[in-house]
Amino acid sequence: MKHSKKMIFALLALAISHTSVAAPVQLDRVSVQINDGIVLESEIKNMIVTVKANAQAANQTLPSESALRTQVIERLILTHLQMQMAERIGLQIGDLQLDQTIQTIAKEQNMTVAQMQQTIESEGTSFSQYREQLRQEITLGEIQRIQVQRRIQVSPQEISGLVKLIEEQGLKDVEFQIGHILIEIPSNPSSEQLENSSRRADIVLKRLNDGDDFRSTAIAASSGPKALEGGIWDFMNINEMPTLFAEVVNGAKKGDIIGPIKSGSGFHIIKVVETRGLQTQEVSEVKSRHILLKPSPILSEERAKAMLESFLTQVRSGEADFAKLAKQYSEDPGSGAKGGELGWADPSIYVPEFTQALANLNEGQYSEPFRTSHGWHIVQLESRRKTDATDQLNSNRAHQLIFRRKFNEELQNWLDEMRSEAYIEIIEPETQRG
């Protein structure tokens, strides 16, 4: 009889053990639906971990978990919308272009790619994960450039007006680092909604004036594009920053907090975080020439790179003339007919990869093939010189400043339009419903 009871207890224990093993364990779930795509809970958690790690490294306080989660979800929504757009237009960053970018990054850090990989993995990130993050960053930059650039027009009148303003003001030698908090108001707000937003803005301003940390306040309260960065924009000249900023920082000094300022999107609070002078009395210019091949369904990435490697071999051995090859093969409509000649220019006007390639060359040297957003290039640095600023340089600078200012404004408009036209559903966990 005793043996029978022991057997029953053993069977019960076995049954309970099997039940506990078989119980479903949720490994992940869909947290946001964006059109036909989804954001997983793991993506949200991973980004929260990253933001917290960055904040800790910068000795930065963070808002509540719920406020941080809201900001992270908003950032992921915008990222997914942009990646969906890239997929729709067939924009892909291939492995060759990605490898080229990684080599450039490693060189800038005075490392080999292997050393950089070791450093990344020692910090807890797999190199394959790093590659995919970098691929996404490049894709986002490209889709923004493609979609926003065509929305921007810079007129000769705007350029001449800015050149005159630069000469009259002393502000061409000053850059501002701006902190920005936006308290959003709904479209077509009622008087009550408007009053609520105004009251919130006043409360935020009072807290800042009472000494609250600007960055953590921005992460918790701002609806602006830089909220997750603590509301902090990179250093900008007064002529390239969004118009709203430029109108209020003239004459402001480091530490000043300005606002709330009402606009169509809400109430803005602006802080002058830092200022610095520019050294623009002397300009370095380069004279260079290049050959550009654009990959296509007919010309693969690998084939384009191989052709340029062949051209280099022929030019270095004296079997071929660079200018003739450029005229025959280069797909740059501006320089191809001129033997690839780009003339004298400030190298910063080129895309970053091209600027970096020139920086690595001595006079007369040729680069190895490298990839930019335009295609595959080889470039020869013909000469360098230093020159005083000229009227033409001021015009070029004015164009760049106006373009960058409009780009920042149009980028936000484009993102707002995409978001408003998208189907977005945030799916709360079961424990938070009801």
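Throughout, numbering of the chain's residues begins at 1 and tracks the sequence.
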J.: Side-chain donor-acceptor pairs under 3.5 Å in residues 53-60, sequence neighbours left out?
T.:
from : atom 1 : to   : atom 2 : distance (Å)
N54  : ND2    : T50  : O      : 3.4
Q60  : NE2    : D213 : OD2    : 2.5

J.: Kindly indicate, with the supporting measurements, whether the criterion side-chain hydrogen bond (donor to acceptor under 3.5 Å, both in side chains) is fulfilled by T275 and K254.
T.: CA-CA 6 Å; T275 62; K254 178 181 174 180; over 6 Å; no
J.: Is it the case that R276 places NZ or CZ above or below the six-membered ring of F235, under 6.0 angstrom from the centre and within 45 degrees of the axis?
T.: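 Verdict for F235: a cation-pi partner in R276.
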J.: Go through the steps for L194 and K262 under the test side chain to side chain contact (heavy atoms under 4.5 Å, CB included), then give the verdict.
T.: CA-CA 10 Å; L194 198 59; K262 186 177 179 297; 3.8 Å; yes
J.: Would you mind reporting whether S288 and L358 have side-chain heavy atoms less than 4.5 Å apart?
T.: yes
J.: Parallel, tilted or perpendicular: which fits the ring planes of W233 and F245, with parallel below 30° and perpendicular above 60°?
T.: perpendicular
J.: Test: side-chain hydrogen bond (donor to acceptor under 3.5 Å, both in side chains). Region: residues 319-329. Which pairs qualify, not counting sequence neighbours?
T.: S317-E319
J.: Under 6.0 Å between ring centres, would you say that holds for F311 and F322?
T.: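 No, the ring of F311 stays outside the 6.0 Å limit from the ring of F322, centre to centre.
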J.: Can you list every salt bridge (charged side-chain N to carboxylate O under 4.0 Å, His left out) pair that touches residues 97-118, not counting sequence neighbours?
T.: D99-R131
J.: Heavy-atom count check: over 12 atoms from other residues, nucleotides or ligands less than 6.0 Å from Q129 CD?
T.: yes
J.: Tell me, please, which residues at least two apart from K305 pass side chain to side chain donor-acceptor pair (under 3.5 Å).
T.: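 By the side chain to side chain donor-acceptor pair (under 3.5 Å) rule, K305 matches no residue at all.
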J.: Hey, which of D36, N35, T79 is the one that makes side chain to side chain donor-acceptor pair (under 3.5 Å) with Q84?
T.: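 Option passing the side chain to side chain donor-acceptor pair (under 3.5 Å) with Q84: N35.
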J.: Taking side chain as C-beta onward, heavy atoms only, is I424 less than 4.5 Å from Q33?
T.: no
J.: Does atom CZ of R215 have more than 12 heavy-atom neighbours from other groups under 6.0 Å away?
T.: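 No, because the 6.0 Å sphere around CZ of R215 holds 12 heavy atoms or fewer from other groups.
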J.: Charged N to carboxylate O under 4.0 angstrom, E368 versus R316?
T.: yes
J.: Would you say N209 has more than 12 foreign heavy atoms packed within less than 6.0 Å of its CG?
T.: yes
J.: What class does the angle between the rings of H377 and F354 fall in, given that below 30° is parallel, 30 to 60° is tilted and above 60° is perpendicular?
T.: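 Rings of H377 and F354: perpendicular, as their planes differ by over 60°.
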J.: Scan for salt bridge (charged side-chain N to carboxylate O under 4.0 Å, His left out) pairs involving residues 406-425, sequence neighbours excluded, and state none if there are none.
T.: E74-R419, R151-E410, R151-E417, E158-K406
J.: With a sphere of 6.0 Å drawn around CZ of R303, does it hold more than 12 non-hydrogen atoms of other residues, nucleotides or ligands?
T.: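 No - once you tally the heavy atoms of other residues, nucleotides and ligands closer than 6.0 Å, there are 12 at most.
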J.: Hey, does E247 have a side-chain heavy atom less than 4.5 Å from the side chain of T243?
T.: yes
J.: My understanding is that only residues two or more places apart in sequence, or in another chain, count here; which of them pass ring-ring contact (aromatic ring centres under 6.0 Å, His included) with F214?
T.: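 Once residues adjacent in sequence are excluded, F214 has no partner under the ring-ring contact (aromatic ring centres under 6.0 Å, His included) criterion.
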